[in-house]
Enquirer: 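Dropping a structure here in structure tokens format, bear with me for questions.
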Amino acid sequence: MTLEIQVLTVFPQLFETFLDTAFVGQARARGLATVEVHDLRSWAEDRHRSVDDTPYGGGPGMVMTPEPLVPAIEALAGPVGPDRACRVVALSPQGQPLDQAGLERLGAERRLLLVCGRYEGIDQRVLDLAVDEEVSLGDYVLSGGEIPAMAVIEGLVRLVPGVLGNPESAQIESFGGDLLEGPQYTRPPDYRGRCVPEVLRSGDHAAIARWRRAEALQRTRERRPDLLGRRGSDETES
């Protein structure tokens with residue numbers, strides 16, 4: 001089943017090169033994923049095609065207004081309820097932090113509308129009336145939701161069966177099983193006195209698998225101990 005993603009943004013041009021490049025572009029060309037980008041200003045009805053206004057209560061910046069955002073979301077996804085055409089996700093710093101398990105959950109939806117916030121944020125009534133959930137990429141500030149939306153799209157597309165050349169890639173990379181990936185090596189075997197570990201050149205696939213597992217556990221303990229104990233990332237090295 002094709003993964004279908006729609007994006008609602010005030011800067012659709014930001015997505016042009018991204019969507020035609022690397023495996024996202026390949027997945028679209030092969031019909032494994034579709035991504036449609038919509039200009040929010042197409043739903044604006046005033047002559048200035050306004051999408052924002054000053055915040056009530058004062059403060060810096062501008063806030064995205066309910067009009068035209070709610071009508072645009074409802075035109076693309078339908079009103080909130082069981083008959084919605086797709087799940088509506090707003091990219092927001094106030095949202096639930098997104099991890100690999102969250103990507104897998106979103107990917108299972110198969111149809112998504114990603115709403116890109118801008119300025120100081122989105123009027124709360126839009127979130128209450130038209131959005132199913134908010135997600136965040138992390139505790140830092142960006143100017144809008146477009147880059148987070150691209151990250152979500154890339155993370156979702158690579159999970160679609162048939163997109164990656166080697167299906168195991170989606171399972172053994174960092175955060176597969178809630179572990180960070182261990183160190184990687186390629187040719188030459190010796191570079192400036194630093195040699196590739198002998199086990200990786202041994203041809204013993206069982207020993208290589210054990211080494212990689214041990215290295216992944218060690219790296220995760222050192223850098224992201226919060227991951228240990230979650231799905232599948234037990235402390236055993238067997």
Side-chain angles (χ1 to χ4, degrees), residues 1-43 69 72-93 95-118 122 130-138 142-178 181 231-232:
M1 184 177 179
T2 302
L3 174 67
E4 300 176 17
I5 301 174
Q6 299 185 86
V7 181
L8 188 59
T9 171
V10 292
F11 293 111
Q13 64 272 25
L14 291 177
F15 291 84
E16 292 174 1
T17 300
F18 166 73
L19 292 178
D20 289 334
T21 303
F23 66 82
V24 174
Q26 294 166 12
R28 295 175 65 221
R30 295 167 58 196
L32 299 174
T34 65
V35 184
E36 295 183 63
V37 181
H38 305 276
D39 186 349
L40 175 60
R41 295 187 191 277
S42 298
W43 280 268
L69 199 43
I73 293 172
E74 291 181 340
L76 296 171
V80 172
D83 296 327
R84 273 205 134 162
C86 58
R87 187 162 186 81
V88 179
V89 179
L91 286 309
S92 161
Q96 181 71 22
L98 187 63
D99 57 12
Q100 190 64 25
L103 275 176
E104 292 171 6
R105 177 181 57 80
L106 289 177
E109 296 285 341
R110 308 307 297 181
R111 293 185 178 91
L112 296 166
L113 170 60
L114 304 180
V115 179
C116 301
R118 270 278 159 178
I122 298 172
V131 170
D132 295 312
E133 66 176 289
E134 299 173 71
V135 300
S136 169
L137 288 196
L142 299 174
S143 295
E146 286 77 17
I147 291 175
M150 292 181 203
V152 170
I153 291 168
E154 182 163 308
L156 291 173
V157 169
R158 68 188 307 281
L159 293 176
V160 175
V163 168
L164 299 180
N166 186 340
E168 291 185 1
S169 295
Q171 303 300 321
I172 64 175
E173 291 186 347
S174 289
F175 307 109
D178 288 319
E181 193 171 14
R231 307 177 306 154

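Quick caveat: nothing in here was measured; it's all calculated off a predicted structure.
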Enquirer: At their closest point, which heavy atom of Cys116 faces which heavy atom of Val7, and how far apart are they?
Expert: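 In this case the closest contact between Cys116 and Val7 is SG-CG1, 3.8 Å.
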Enquirer: Checking side-chain contact (heavy atoms from CB on, under 4.5 Å) for the pair Glu133/Leu106: CA distance, chi angles, key distance, verdict?
Expert: CA-CA 11 Å; Glu133 66 176 289; Leu106 289 177; 3.6 Å; yes
Enquirer: How close do Glu154 and Phe18 get, heavy atom to heavy atom, and via which atoms?
Expert: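 Answer, listing the atom of Glu154 first, then Phe18: OE1-CE1, 3.8 Å.
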Enquirer: About how many Å separate CD1 of Ile153 and CZ of Arg158, when rounded to the nearest 0.5 Å?
Expert: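 Going from the CZ atom of Arg158 to the CD1 atom of Ile153 covers 15.0 Å.
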Enquirer: Once side-chain contact (heavy atoms from CB on, under 4.5 Å) is applied, do any residues pair with Ala27, and if so which ones, sequence neighbours excluded?
Expert: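 With neighbours one apart ignored, the set is Leu32, Ala33, Val157, Val163.
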Enquirer: Given Val80 and Val88, is the side-chain contact (heavy atoms from CB on, under 4.5 Å) satisfied, shown in steps?
Expert: CA-CA 9 Å; Val80 172; Val88 179; over 6 Å; no
Enquirer: Considering residues at least two apart in sequence or located in another chain, which fulfil the side chain to side chain donor-acceptor pair (under 3.5 Å) criterion with Arg110?
Expert: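 Partners of Arg110 under the side chain to side chain donor-acceptor pair (under 3.5 Å) test: none.
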Enquirer: Applying side chain to side chain donor-acceptor pair (under 3.5 Å), can you list everything that pairs with Ser136, at least two apart in sequence or on another chain?
Expert: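 Expected list: none.
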Enquirer: For the CD atom of Glu36 and the CG atom of Leu19, what is their distance to the nearest 0.5 Å?
Expert: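 The CG atom of Leu19 is 11.0 Å from CD of Glu36, to the nearest 0.5 Å.
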Enquirer: What distance do Trp43 atom CH2 and Leu76 atom CG have between them, rounded to the nearest 0.5 Å?
Expert: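 One gets 4.0 Å once the value is rounded to the nearest 0.5 Å.
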Enquirer: Please report the shortest heavy-atom distance between Leu103 and Leu156, naming the atom on each side.
Expert: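 So the minimum-distance heavy-atom pair works out to O-CD2, 3.2 Å.
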Enquirer: So, do Ile122 and Ser92 sit near enough that their side-chain heavy atoms are less than 4.5 Å apart?
Expert: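 They are not in side-chain contact.
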Enquirer: Show your working on side-chain contact (heavy atoms from CB on, under 4.5 Å) between Val89 and Val152 and close with a plain yes or no.
Expert: CA-CA 10 Å; Val89 179; Val152 170; over 6 Å; no
Enquirer: Without swapping roles, check the side chain of Arg30 against the backbone of Gly162 for a donor-acceptor pair under 3.5 Å.
Expert: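 Yes, the answer is positive, given that a donor and an acceptor are paired below the 3.5 Å cut-off.
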Enquirer: Looking only at heavy atoms, which two atoms of Ala77 and Cys86 are closest? And how far apart?
Expert: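 Ala77 and Cys86 have their closest heavy atoms at CB-SG, 3.5 Å.
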Enquirer: Between Leu137 and Ala151, what is the shortest heavy-atom contact and its length?
Expert: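 Taking Leu137 first and Ala151 second, the nearest heavy atoms are CD1-CB, 3.6 Å.
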Enquirer: How would you list all residue pairs meeting side-chain hydrogen bond (donor to acceptor under 3.5 Å, both in side chains) that involve residues 14-23, not counting sequence neighbours?
Expert: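 The answer is Asp20-Arg28.
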Enquirer: Return each pair, listed once, that meets side-chain hydrogen bond (donor to acceptor under 3.5 Å, both in side chains) where at least one residue sits in residues 1-10; pairs must be two or more places apart or across chains.
Expert: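 Listed once each, the pairs are Glu4-Arg111, Gln6-His38, Thr9-Glu146.
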Enquirer: Return yes when atom CD1 of Ile147 has more than 12 non-hydrogen atoms of other residues, nucleotides or ligands closer than 6.0 Å, and no otherwise.
Expert: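 Open: at most 12 neighbouring heavy atoms sit under 6.0 Å from CD1 of Ile147.
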Enquirer: Would you give the length of the straight line joining atom CG of Leu159 to atom CG of Leu3, rounded to the nearest 0.5 angstrom?
Expert: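 Interatomic distance, Leu159 CG to Leu3 CG, rounded to 0.5 Å: 9.0 Å.
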Enquirer: Salt bridge (Lys or Arg N to Asp or Glu O under 4.0 Å) with Arg84: which residues, sequence neighbours excluded?
Expert: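 So Arg84 forms a salt bridge (Lys or Arg N to Asp or Glu O under 4.0 Å) with Asp132.
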Enquirer: Taking all atoms of both residues into account, what is the closest heavy-atom pair of Leu91 and Ala149, and its distance?
Expert: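 The pair with the smallest heavy-atom distance is CG-N, 4.0 Å.
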